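The structure under discussion appears below in the form of structure tokens.
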2 protein chains.
Amino acid sequence: MIMVTPSRKPRVAADAKDGAETLDFGMLPGLVGYVLRRAQLRVFEDFIRSFEPLALRPAQFSALLLIEANPGRSQREIAAGLGIQRPNFVAMMDEFEARGLARRTRSEVDRRSHALMLTPAGTDLLVRAKAVVAEHEARATAGLSEPDRLRLLALLKAM
Amino acid sequence: MIMVTPSRKPRVAADAKDGAETLDFGMLPGLVGYVLRRAQLRVFEDFIRSFEPLALRPAQFSALLLIEANPGRSQREIAAGLGIQRPNFVAMMDEFEARGLARRTRSEVDRRSHALMLTPAGTDLLVRAKAVVAEHEARATAGLSEPDRLRLLALLKAM
DNA sequence: TATTGTTATACTCTATAACTATA
DNA sequence: TATAGTTATAGAGTATAACAATA
């Protein structure tokens with residue numbers, strides 16, 4: 001039985017930038033959905049800014065990683081792994097091919113499907129991306145000790 | 001110095017529903033951005049389903065809570081607290097008024113701004129919404145003990 | 001001149017139906 | 001008949017510029 005205590009008292013600063021307003025957030029800071037969403041937006045903000053020089057969005061970075069680690073898999077398999085709809089993965093693969101980062105080749109065993117793999121340029125970009133993501137990760141978890149970072153990952157996965 | 005260990009070995013099930021495929025997720029399960037995003041999507045999925053009977057989206061629930069806890073505040077203040085742009089809050093307030101959940105009244109002190117407050121119907125809806133959110137929270141954190149749930153909230157806020 | 005609420009607009013993400021070519 | 005990739009499309013959510021009323 002979870003109580004979700006209202007905790008009405010603590011008034012927190014809404015946003016220092018637009019006035020010295022103070023808002024009562026009520027039960028929101030006690031709800032995982034709210035706190036999770038806010039944290040995720042903060043982390044993605046830094047991720048997106050960090051990856052602007054490489055022109056990669058979060059989903060694109062994940063897609064390239066998945067293709068690298070699973071060469072020869074189909075679009076359906078990679079899209080399913082990413083949790084995105086198959087139709088929405090088409091444009092992403094189109095861009096990867098246009099930028100010379102990945103290739104589609106018709107599968108020999110099932111000529112309906114595409115075998116995906118990175119190009120050398122795609123592999124090179126991922127090398128740089130992994131350095132960028134390590135710096136991003138350090139910034140995103142700057143407020144946590146390494147044991148706390150691992151504990152956070154474990155708690156998120158246990159949900 | 002964070003190592004972001006690749007941990008290439010563990011192959012995890014991609015999705016049991018569409019074949020017995022197995023994908024190597026590489027470093028992704030070690031990145032807070034990725035794990036956070038996945039957890040947030042899972043939680044929101046349950047939230048959205050839970051709130052379908054009340055016809056409330058997550059942002060709408062937060063907005064009603066904020067208006068209830070801070071009656072008389074302006075659209076700019078509530079929108080800033082929610083982290084949404086002022087223009088995008090206009091349609092949400094329009095819907096609240098159309099559904100009889102909240103009201104805008106011109107402020108006496110600054111006739112440019114609107115003083116927001118809930119209607120009795122809005123207050124009633126929030127009573128039901130708070131019961132729904134407590135059940136949702138229990139489901140979302142079913143895999144966590146109460147100390148772990150609090151630890152998770154603390155770690156997310158410490159990031 | 002600056003700010004509040006507003007309109008219009010655009011861009012990203014996401015979700016679904018339906019087509020084609022293969023199986 | 002079912003599936004992979006594709007096209008078209010529609011709906012959220014989000015971001016910015018500009019306007020009228022008011023400060």
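Values in this document were obtained by computation on a predicted structure and should not be read as measured data. Every chain is numbered from 1, with letters handed out A, B, ... down the list of sequences. We use all heavy atoms of the structure for the numbers below, so side chains are in, but hydrogens, waters and symmetry mates are not.
To the nearest 0.5 Å, the span separating NZ on B:K130 from CZ on B:F61 amounts to 7.5 Å. The line from CE of B:M93 to CG of B:L101 is 9.5 Å long, rounded to the nearest 0.5 Å.
Taking 4.5 Å as the limit, every side-chain heavy atom of A:M117 sits out of range of all side-chain heavy atoms of A:R104.
Residue A:M92 contributes atom CE, which lies 13 Å from atom P of D:dT6 at whole-angstrom precision. In this structure, CZ of A:R73 is placed 12 Å from P of D:dG5, rounded to the nearest angstrom. Atom CD1 in A:I78 sits about 10 Å away from atom P in D:dG5, given to the nearest Å. Per the geometry, CG belonging to A:D94 stands 12 Å off P belonging to D:dA8, to the nearest Å. One atom, CZ of B:R86, and another, C1' of D:dT16, lie 11 Å apart when rounded to the nearest Å. The CD-P distance, from A:Q85 to D:dA8, rounds to 19 Å in whole Å.
Within the cation-pi definition used here (under 6.0 Å to the ring centroid, within 45° of the axis), A:R37 qualifies as a partner of B:F44.
Checked for salt-bridge contact, B:R103 and B:E97 miss the test: no charged N lies under 4.0 Å from a carboxylate O. A salt bridge links B:R149 to B:E146: at least one charged side-chain nitrogen sits closer than 4.0 Å to a carboxylate oxygen.
Dashed line: the shortest gap from a side-chain N or O of A:Q75 to OP1 or OP2 of D:dT6 is under 4.0 Å.
Nucleic acid contact for B:S74: sugar-phosphate only, since backbone atoms but no base atoms lie under 4.0 Å from a heavy atom of the residue. Looking at heavy-atom distances under 4.0 Å, B:D110 makes contact with sugar-phosphate atoms alone, never a base.
The nucleotide range of DNA chain C contacted by chain B, defined by atoms under 4.0 angstrom from heavy atoms of the protein and reported 5' to 3', is C:dA2 to C:dT14.
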### Task
Go through the steps to decide whether A:H136 and A:V43 satisfy the test side-chain contact (heavy atoms from CB on, under 4.5 Å), and finish with yes or no.
CA-CA 9 Å; A:H136 153 71; A:V43 171; 3.7 Å; yes

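A:I48 and A:I84 fall into different hydrophobic clusters, where Ile, Leu, Val, Met, Phe, Trp and Tyr side chains are chained together by heavy-atom contacts under 4.5 Å. Tracing side-chain contacts under 4.5 Å through hydrophobic residues (I, L, V, M, F, W, Y), one never reaches B:L66 starting from B:V90; they form parts of separate clusters.
The side chain of B:R111 approaches D:dT22 more closely than any other nucleotide in the set D:dT16, D:dT7, D:dT22.
Using a 4.0 Å cut-off on heavy atoms, the residues of residues 36-57 of chain B that approach DNA chain D are B:R57, listed by number.
Nearest-nucleotide positions on DNA chain C for B:L116 and A:N88 put B:L116 closer to the 5' end.
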